[in-house]
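On a predicted model such as this, the values are computed, not experimentally measured, just so you know. Convention: sequence-line order gives letters A, B, ...; per-chain numbering from 1.
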There are 4 protein chains.
Amino acid sequence: MDKKQLIIKHAADVIAEKGYHGATPKVIAGRAGIAVGTIYLYFKSKEEILNYIFVEEFKKREKFLLGLNTKDYSFYEKLELFLDFHFDELESDESTGTVLIQESTNPQQQSLEGVQKFLTELPEIFADMLQQAQNKNEIRALDSQFAARIIFHSIRGAVMELKKEAVQKGHEDIKHELKTFFWNAIKKKEGELPNENHQDE
Amino acid sequence: MDKKQLIIKHAADVIAEKGYHGATPKVIAGRAGIAVGTIYLYFKSKEEILNYIFVEEFKKREKFLLGLNTKDYSFYEKLELFLDFHFDELESDESTGTVLIQESTNPQQQSLEGVQKFLTELPEIFADMLQQAQNKNEIRALDSQFAARIIFHSIRGAVMELKKEAVQKGHEDIKHELKTFFWNAIKKKEGELPNENHQDE
Amino acid sequence: MDKKQLIIKHAADVIAEKGYHGATPKVIAGRAGIAVGTIYLYFKSKEEILNYIFVEEFKKREKFLLGLNTKDYSFYEKLELFLDFHFDELESDESTGTVLIQESTNPQQQSLEGVQKFLTELPEIFADMLQQAQNKNEIRALDSQFAARIIFHSIRGAVMELKKEAVQKGHEDIKHELKTFFWNAIKKKEGELPNENHQDE
Amino acid sequence: MDKKQLIIKHAADVIAEKGYHGATPKVIAGRAGIAVGTIYLYFKSKEEILNYIFVEEFKKREKFLLGLNTKDYSFYEKLELFLDFHFDELESDESTGTVLIQESTNPQQQSLEGVQKFLTELPEIFADMLQQAQNKNEIRALDSQFAARIIFHSIRGAVMELKKEAVQKGHEDIKHELKTFFWNAIKKKEGELPNENHQDE
DNA sequence: CATGAATGAGCATTCATTCAT
DNA sequence: TATGAATGAATGCTCATTCAT
C-alpha cells in the first residue's frame with residue numbers, strides 16, 4: 001500500500017477521534033505501524049497532512065460536481081446525485097468525512113489552501129448550479145450564493161448528527177429526508193411566506 | 001466591572017480569533033488587561049471558561065425558546081422570533097457566536113457539560129416545537145428530530161458564512177433568506193418531490 | 001489568643017500534614033480563620049514562620065538542657081529527664097514535633113538560623129554533657145560529639161516511627177526502651193541501670 | 001552510556017543539593033547535559049525519578065540483608081557487614097545516600113511505593129535479624145521491631161552528620177564508633193566486642 | 001527509505017507576596 | 001490592624017520536528 005495513503009488514513013482516524021490538536025504524530029505513526037520520522041518523509045508538517053486531506057477531498061467533489069454540469073440533468077437530479085455521492089464517500093470513509101466537518105471550523109486551519117478551497121470553491125460550484133437552475137426556471141428565485149452555503153452547511157450538520165446517534169436511522173432515510181427538505185426549500189411554485197398571508201388578511 | 005464577565009468577553013474574542021488551542025491564558029489575560037493568575041481566581045481551568053460560555057448561551061436560548069412555547073404563536077412566528085433573537089445575540093456579541101459554532105465541533109470539547117447541552121438540548125426543544133406544529137397541521141409531515149437538527153446546523157452554517165464575507169449582505173437580508181428557506185422546506189401544502197412527478201409522466 | 005501564636009500553631013499543623021511546600025499561606029490562613037494578608041503582618045515570609053518555629057523550640061530545649069547542667073544530676077538522670085521533657089513536648093504539641101524532624105532534613109531550609117541552631121547547637125550541648133560524664137567516669141570512653149549526634153538523631157527517628165504506627169506501644173514504653181538502649185550503649189561497664197543502683201542504696 | 005542512569009545520577013545530585021522541590025527538571029537536565037524532554041522519555045514524572053531511586057536502593061539493601069541471613073554469621077558480624085555495605089554504598093555515591101535520608105521524611109513523598117518500602121520493609125528485615133539473634137541468645141531481650149528502627153534511623157542520622165562536617169573524622173572511625181555504640185546497646189551482658197573475643201581465640 | 005531518541009519552545013497552572021481598601 | 005483580590009515569575013510537562021544511524 002502507498003505509504004502516503006497509509007499515513008493519511010490513520011491520521012484521519014486519529015483526528016476524527018481526538019481532534020487536530022489531540023492527534024499527535026506519535027499516535028498517528030503508532031496507529032499506522034510506522035516510525036514518527038517516516039511521516040516527515042511524506043509530509044513537511046502535521047498541518048500539511050490536514051491540508052492534503054482537504055485538497056484530496058475537495059478534488060473528488062469538484063470533479064464530480066463539474067462532471068454533473070456537463071450532463072443534462074435537472075437540478076433536482078443533480079442535488080440527488082451529489083447527496084448520494086457525498087454520503088457514499090462518507091460511508092466508505094467515515095473519519096475523513098468527520099475531519100472535513102470538524103476541522104474546517106477552526107480559524108487557525110482556515111488559512112490552509114485545502115481548507116479554504118473546500119470552504120469557498122465547493123459552495124461556489126454549487127451556487128453556480130443553483131443559478132443555472134434559476135435561469136432555467138427550475139427553482140424559485142433565491143440568492144444562489146447564500147442558498148448554496150445553507151445547503152452546504154446543512155449537509156455538514158446532518159453528517160455531524162449522524163456520527164452521534166449511533167445511526168438509529170439509516171443513511172438512506174436521512175438522505176431522503178435531506179433531499180425532501182432542500183427540494184421543498186428551493187423548488188418553484190406555490191406559497192408565499194405566511195406572514196405575507198397574514199398581512200393580506 | 002464584573003471581572004468574570006471581563007474575562008469571558010476577552011476569552012471569547014481570542015478563541016473566536018485563534019481557536020481554543022491558540023487562545024492561551026497569557027493572551028487572554030493580556031487582552032483583558034489583567035494578570036494570568038487572575039483568570040484562575042474566577043475559573044478553575046481554561047476548559048471551564050469555554051464551558052461557562054456554552055452554559056450561559058445555552059441558558060439564554062433555552063429560556064427564550066421555552067418562553068415562546070408558553071405563548072400562542074404559530075410555528076412560523078416562533079421560527080421568525082427565534083431567528084431574530086439568535087441574530088440579535090450574534091450581532092451584539094459576535095465572538096461569542098463564533099465560539100459557539102467553532103468549538104462545538106471539536107471532539108475533545110464535546111464532553112463539556114455546556115457544549116453537550118447546547119448541542120443536544122437546544123435542538124431537542126426545537127424538535128418539540130416542530131412536533132407540535134405538525135400535530136396542529138401547521139407544517140408538513142417530517143421527522144421533527146432530524147429537521148430540527150438540520151435547521152439548527154444550517155443556522156450555525158449561515159452564521160459561519162456571515163463572519164467570512166465581511167457582510168456584503170446585511171443581517172436583515174440573511175434573516176429573510178433563511179426564514180424563507182426554512183419555511184418552504186417545512187410548510188404544509190402543495191408539491192411532492194419532482195421525481196415522483198417524473199415517475200407520473 | 002496571641003495572633004502570632006495562632007498562626008504558628010496552624011502553620012505547624014499544616015506543615016506537619018503536607019510538608020513545607022504543600023503548606024500554602026492560603027491554607028494556613030484558612031485553618032487559622034484569618035486572611036492571607038494577616039500572616040504577613042506578623043511574619044516577613046513563609047520561611048520566617050518555619051524559622052520561628054525552630055527558634056522557639058530550640059530555645060525551650062536549650063533552656064532545659066542548660067538548666068539540667070546547673071543541677072547535680074548523674075548523666076543517666078539527665079538523659080532520662082531530657083527524654084521525658086522531649087516526649088512531653090511532643091505529646092502536648094504533636095505537629096510542632098513533626099515539623100522539627102521533617103523539615104530539618106531539607107537542605108534549602110538548613111540555611112535558616114533556627115534550623116541551624118536546632119541541628120548544631122542542641123547536639124553540642126548534649127555533647128558537652130556526655131563529655132562531662134566521661135570526665136566523671138560515669139560513662140565509657142567515646143567520641144562525645146559523635147555519640148551526641150547518634151543519640152539526637154535516634155530520638156528523631158524514634159519520634160518519626162511513633163507517628164506512623166498509630167501508637168501500638170505507649171509513649172512510656174518507648175521512652176523506657178530508648179533509655180535502656182542508650183544507656184547500654186554508653187554506660188561504663190556492664191551493669192544495671194543507674195537508678196536501679198540508686199534504689200538499691 | 002545508559003541515559004536512565006545518567007538522569008538518576010544527576011537528579012540525585014541536584015536533589016541532594018537543593019531538595020526535591022528545588023530540583024527542577026530544567027536544572028536536572030542542565031546538569032546531565034540533556035534536554036528537559038529527554039527526562040520524560042525515561043520517567044513519567046519527576047516523582048517517578050525519586051521513586052526509582054528509592055526502589056533501586058531498597059532492592060540493593062534488601063538483597064544484601066536477605067543474603068546475610070542465608071549464611072551462618074553471628075549477629076554482630078551481620079551488623080558489621082551491613083554497616084560496611086551501607087557505608088561503602090554511601091561513599092561510592094554520596095548524593096543518593098543523602099536523598100534517601102532527606103526525602104524520606106517528607107509526608108508528600110511517603111506515599112511513593114519506593115519510599116514506603118525503604119522506610120518499612122528494610123527495618124522489618126532488620127527486626128527479623130534482631131529477633132533471631134535474641135532467640136539464639138546472642139543479644140539481650142529487647143523489642144526487636146523498635147530496636148531495629150532506632151538502629152535504622154541512627155544510621156540515617158549518622159550519615160546526615162557525615163555530610164555536614166566535611167568529614168573531619170574518616171568513615172572508618174565512624175563505622176567503628178557506630179558498631180561499638182550499637183553493640184553495647186544490644187549485646188547480652190557485659191563484655192567485649194565479639195570480634196575481640198574471636199581475636200582472643 | 002526508515003527509524004525513534006533527542007530536542008526545547010511553549011503550554012496550563014500555582015502560589016508567595018503585595019497593597020488599596 | 002485586617003483584608004483578600006491581584007500579581008506574574010516560575011513550575012512540571014508536552015509535542016512537532018530533526019537527524020544520526
Side-chain angles (χ1 to χ4, degrees), chain A residues 3-4 6-7 18 20-30 32-50, chain B residues 2-4 6-7 20-30 32-50, chain C residues 3-4 6-7 18 20-30 32-50, chain D residues 2-4 6-7 20-30 32-50:
Chain A
K3 213 154 251 185
K4 194 161 188 172
L6 180 80
I7 293 167
K18 303 170 190 280
Y20 179 73
H21 268 92
T24 66
K26 206 172 198 165
V27 173
I28 295 171
I34 58 171
V36 204
T38 309
I39 291 176
Y40 289 85
L41 292 174
Y42 296 90
F43 297 95
K44 230 180 64 212
S45 68
K46 192 182 140 184
E47 239 187 10
E48 222 200 41
I49 299 177
L50 193 68
Chain B
D2 182 14
K3 216 150 247 183
K4 193 161 187 171
L6 179 80
I7 293 167
Y20 179 72
H21 269 92
T24 67
K26 212 171 202 162
V27 174
I28 295 171
I34 58 170
V36 202
T38 308
I39 292 176
Y40 291 86
L41 247 39
Y42 296 91
F43 297 95
K44 234 178 55 214
S45 67
K46 194 183 136 184
E47 234 186 16
E48 222 199 39
I49 298 177
L50 192 68
Chain C
K3 212 155 251 185
K4 194 159 187 173
L6 180 79
I7 293 167
K18 301 171 192 278
Y20 179 74
H21 269 93
T24 67
K26 207 172 198 166
V27 172
I28 294 171
I34 58 171
V36 205
T38 309
I39 291 176
Y40 289 85
L41 292 175
Y42 296 91
F43 296 94
K44 230 180 64 213
S45 67
K46 192 182 139 184
E47 238 186 10
E48 222 200 39
I49 299 176
L50 192 67
Chain D
D2 183 13
K3 217 151 248 180
K4 194 159 188 175
L6 180 80
I7 293 167
Y20 179 74
H21 269 93
T24 68
K26 216 170 200 162
V27 173
I28 294 170
I34 57 171
V36 200
T38 308
I39 292 176
Y40 291 88
L41 247 41
Y42 297 90
F43 297 95
K44 238 178 53 218
S45 67
K46 193 182 136 184
E47 235 188 14
E48 221 199 41
I49 298 177
L50 192 68

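- One finds the CD atom of C/E47 at 8.0 Å from the CG atom of C/L50 (value rounded to the nearest 0.5 Å).
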For this session: Could you please spell out the steps behind the side-chain contact (heavy atoms from CB on, under 4.5 Å) verdict for A/K18 and A/V27?
Result: CA-CA 10 Å; A/K18 303 170 190 280; A/V27 173; 4.2 Å; yes

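- Note: NZ (C/K46) to P (E/dA16) measures 4 Å, nearest angstrom.
- In this structure, NZ on D/K4 lies 11.0 Å from CG on D/L41, to the nearest 0.5 angstrom.
- Toward the 5′ end of DNA chain F lies the nearest nucleotide of C/G37, the other residue of the pair C/G37 and D/H21 mapping further downstream.
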Problem set entry | Per-nucleotide pairing state of DNA chain F [Watson-Crick or G-U, under 3.5 Å; [ ] pseudoknot-crossing; | other strand] | .||||||||||||||||||||

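- In this structure, NZ of C/K18 is placed 12 Å from P of E/dA16, rounded to the nearest angstrom.
- Against DNA chain F, the stretch residues 23-30 of chain B makes no heavy-atom approach under 4.0 Å.
- A/T38 has a side-chain polar atom (N or O) that falls below the 4.0 Å cut-off from OP1 or OP2 of E/dT3.
- Note that the first and last nucleotides of DNA chain F, 5' to 3', having any atom under 4.0 angstrom from a heavy atom of chain B are F/dA5 to F/dG8.
- Closest non-hydrogen pair, D/I39 versus D/P25, comes out as CD1-O, 3.4 Å.
- In this entry the distance linking CD1 of B/I7 with C1' of E/dT13 reads 14 Å, nearest Å.
- The residue D/I34 sits close only to the backbone: its heavy atoms come under 4.0 Å of sugar-phosphate atoms, none of a base.
- Between B/Y42 and A/V36, the residue whose closest nucleotide on DNA chain F is further toward the 5' end is B/Y42.
- If you find the closest nucleotide of DNA chain E to B/S45 and to A/G33, the one lying nearer the 5' end belongs to A/G33.
- Rounded to an integer number of Å, the gap from NZ of D/K3 to P of E/dG4 is 16 Å.
- The two residues C/I34 and C/K3 have their closest heavy-atom pair at CG2-CE, 4.3 Å.
- Heavy-atom distances to DNA chain E give each of C/K44 and D/A35 a nearest nucleotide, and the one nearer the 5′ end belongs to D/A35.
- Straight-line distance from the CG atom of D/L41 to the C1' atom of E/dT3: 14 Å, rounded to whole Å.
- As rounded to whole Å, 12 Å separates atom P of E/dG4 from atom CD1 of A/I39.
- Screening B/F43, B/Y42, B/Y40 for a side chain to side chain contact (heavy atoms under 4.5 Å, CB included) with B/E48, the sole residue that qualifies is B/F43.
- Here B/D2 contributes atom CG and B/I7 contributes atom CD1; the two are 8.5 Å apart, rounded to the nearest 0.5 Å.
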